[in-house]
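Just so you know, residue 1 is the first one in the sequence shown, and it goes up from there.
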Amino acid sequence: MTPMRVLSVASEIFPIIKTGGLADVAGALPLALKAKGIEICSLIPGYPEVLRVLERAEEQPGPVSLFGGDARLLRGRCGEHELFVLDAPHFFARGGNPYLSAEGVDWPDNGKRFAALARMAADIGFGAVPSFLPDIVHAHDWQAALTPAYLNYGHRPRPRTVITVHNLAFQGKFRRSLLEEIGLPLESFTVDGVEYYGDIGFLKAGLRFADMITTVSPTYAVEIQSDEGGMGLGGLLRSRSSDLRGILNGIDAAVWDPATDAHIQCRFDASTLERRAVNKAALQKQFGLKQNPDALLLGVISRLSDQKGLDLLLDCIPTIQMEGIQVVLLGAGDVELEHRFRAAADTHPETIGVVIGFDEILAHHIQAGADALVVPSRFEPCGLTQLCALRYGAVPIVSRVGGLEDTVADLSDDKQGVTGFKFGPVTMQNLAAALCSANAAYRDRRGWREMQLNGMATDVSWDSRASQYSDLYREVLGLPA
Ligand code: ADP
Ligand code: GLC
């Protein structure tokens, strides 16, 4: 049997370039699928960070001109990752954040940049690389979402397509006048095509034309079909309900393994949980907090944006102080939130520690040393930090939304084995109550340990989730299960 051949298309990929969970998934899922015998290659933009690490790069024949500049397609690898790289200097030669300038604003040509990525993906789909003609093109998020549209308007035999929605809040909406510049035909600008409230909707187009739609948790798959959760796309998603699946994300079990983690001070596993105390003390020291082994130490690792609900955590500071709880936060994003967290740490230096920035290693320290990890999101398609927390014995305290609902089990769940605390609706009062419950539970060290062990025994790996994707690919191709 010849293996299924899949082209994965994404704008970021761990460990090369990452702004959030999309990169983690675009990095780990192909490796998990490869382990299942699928031939899979990822197409990513040729940012400087990518070109720097690309090994054994081979230029594919036929230079291409893409929307106002010369480009070439490279094929190579980075470690285990098989890559196609779109080297289009006029779009991707800028380092740093893939979407924003140094001033933190969207690059004005983002529409053309990511249309170029999708155009290249569609060309590979049509056979631009004869040795890699994919059966399936799998596009991730709005940045890759025009791929199914280009394939559709090619009006010739094409591979099957899957789109995964990682976050409906980012939709890629661009002015109508871009249509000709990005090579979409006039016929595409209809309500049944790429048109979206008078503009071009990249994600809308992907949801309209992909053969199958997935999102990253079963609960989010339901939420996005409502008017509120659908953020303007609820109607379209409802109309495609039978082609929409929620498949939970996993985490890379090799990157996130407390027994082998080279970043943390003291490695541990379920049989040596007491060693976490060393990591907790180190974390308190690193953040300049009072060395108190008995205080419940909460960790936060997050983008700072309205989605993540961390303003509610700021509002809970009086409760946190009264309860004798400590907090360490690693985050970056919204300038006002950054400012407010810094100010909170200045006011309460013994109990609140804040690092503003993006720091992969510190994220490991927090998972290994915090007693609990707080994720009070207003919406959360899946969420990965709570999965890492489960594996590291940091008890998750999460809001009852999206993937958080699906991956953490609390007392109200009809399941064996409580792994954390959930609260909802997402308000400051409910978060404060959840923090108080966790603090009370922490006093019962045996009960707490049991929760940690339940979490560590939870399967958060990609292995079983990758099987769901490979089953889905077979379904899309009309192959027997
Ligand atoms: P989202 O993709 O919405 O940001 P996820 O929970 O799915 O949320 O994924 C976030 C990923 O980014 C996780 O791997 C998390 O550890 C990482 N992360 C988020 N913020 C930071 C930060 N400030 N420093 C280091 N890693 C971070
Ligand atoms: C998005 C979502 C997050 C999800 C991640 C990976 O960034 O906000 O919930 O885990 O994508 O799918």
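Summarising the geometry, atom CD1 belonging to I44 is positioned 8.5 Å from atom CD1 belonging to I17; distances are rounded to the nearest 0.5 Å. Note that the CG atom of L29 and the OG atom of S470 stand 10.0 Å from one another [nearest 0.5 Å].
The stretch residues 42-53 participates, sequence neighbours left out, in no side-chain hydrogen bond (donor to acceptor under 3.5 Å, both in side chains) pair at all.
Here the shortest heavy-atom pairing between A121 and T147 reads CB-CG2, 3.6 Å. Among all heavy-atom pairs drawn from V395 and Q452, the shortest one is CG2-CG, 3.9 Å. Across all their heavy atoms, A149 and V194 have their closest contact at CB-CG1, 4.2 Å. Residues A93 and P48 approach most closely at O-CG, 3.4 Å, considering heavy atoms. Between S377 and S399, the closest heavy-atom pair is O-OG, 2.6 Å. Taking all atoms of both residues into account, the shortest heavy-atom contact from A32 to A466 is CB-CB, 3.7 Å.
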Derivation of the side chain to side chain contact (heavy atoms under 4.5 Å, CB included) call for Y392 and L373: CA-CA 10 Å; Y392 277 66; L373 191 94; over 6 Å; no

Is there a side chain to side chain contact (heavy atoms under 4.5 Å, CB included) between Y197 and K204? Walk through the geometry before answering. CA-CA 10 Å; Y197 297 109; K204 186 257 165 140; over 6 Å; no

Would you sort out whether V137 and L43 count as a side chain to side chain contact (heavy atoms under 4.5 Å, CB included), showing the intermediate values? CA-CA 10 Å; V137 180; L43 172 68; over 6 Å; no

Is there a side-chain hydrogen bond (donor to acceptor under 3.5 Å, both in side chains) between R113 and N110 once you walk through the steps? CA-CA 5 Å; R113 295 172 79 218; N110 273 349; 2.7 Å; yes

Report the C-alpha separation of E336 and L304 in whole Å, then their side-chain angles, then the decisive distance to 0.1 Å, and conclude whether the side chain to side chain contact (heavy atoms under 4.5 Å, CB included) test is met. CA-CA 9 Å; E336 196 196 320; L304 298 180; over 6 Å; no

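Partners of Y473 by ring pair (Phe, Tyr, Trp, His ring centres under 6.0 Å), not counting sequence neighbours, listed by chain and number: H138.
Classification of R5 and E39 as a salt-bridged pair holds, one side-chain N sitting under 4.0 Å from a carboxylate O. Ion pairing between a basic and an acidic side chain is recognised when a charged N comes within 4.0 Å of a carboxylate O; R474 and D471 show no such pairing. Taking the charged nitrogens against the carboxylate oxygens, R160 and E475 have no contact shorter than 4.0 Å, which rules out a salt bridge. Note on E380 versus K308: salt bridge recorded, some NZ/NE/NH1/NH2 to OD/OE distance being below 4.0 Å. At a threshold of 4.0 Å, the pair R75-E59 does not count as salt-bridged, since none of the basic side-chain nitrogens sits closer than that to a carboxylate oxygen. Ion pairing of D227 with R238 is present here, as a side-chain N (NZ or NE/NH1/NH2) and a carboxylate O approach within less than 4.0 Å. A salt bridge is absent between R391 and D261: the closest approach of a Lys/Arg side-chain nitrogen to an acidic carboxylate oxygen does not fall below 4.0 angstrom. Ion pairing between D463 and K36 holds under the 4.0 Å rule for side-chain N and carboxylate O.
Between Y99 and F114, the distance separating the two ring centers is shorter than 6.0 angstrom. Remark: aromatic rings of Y153 and F209 are close, center separation under 6.0 Å. With ring centers used as reference points, H263 lies 6.0 Å or more from H365.
No side-chain donor from either of T458 and T419 sits under 3.5 Å from a side-chain acceptor of the other. Side-chain polar atoms of S101 and E103 form a donor-acceptor pair below 3.5 angstrom.
Considering F174, F170, Y150, Y196 in turn, F174 is the only one that fulfils the ring pair (Phe, Tyr, Trp, His ring centres under 6.0 Å) rule with F202.
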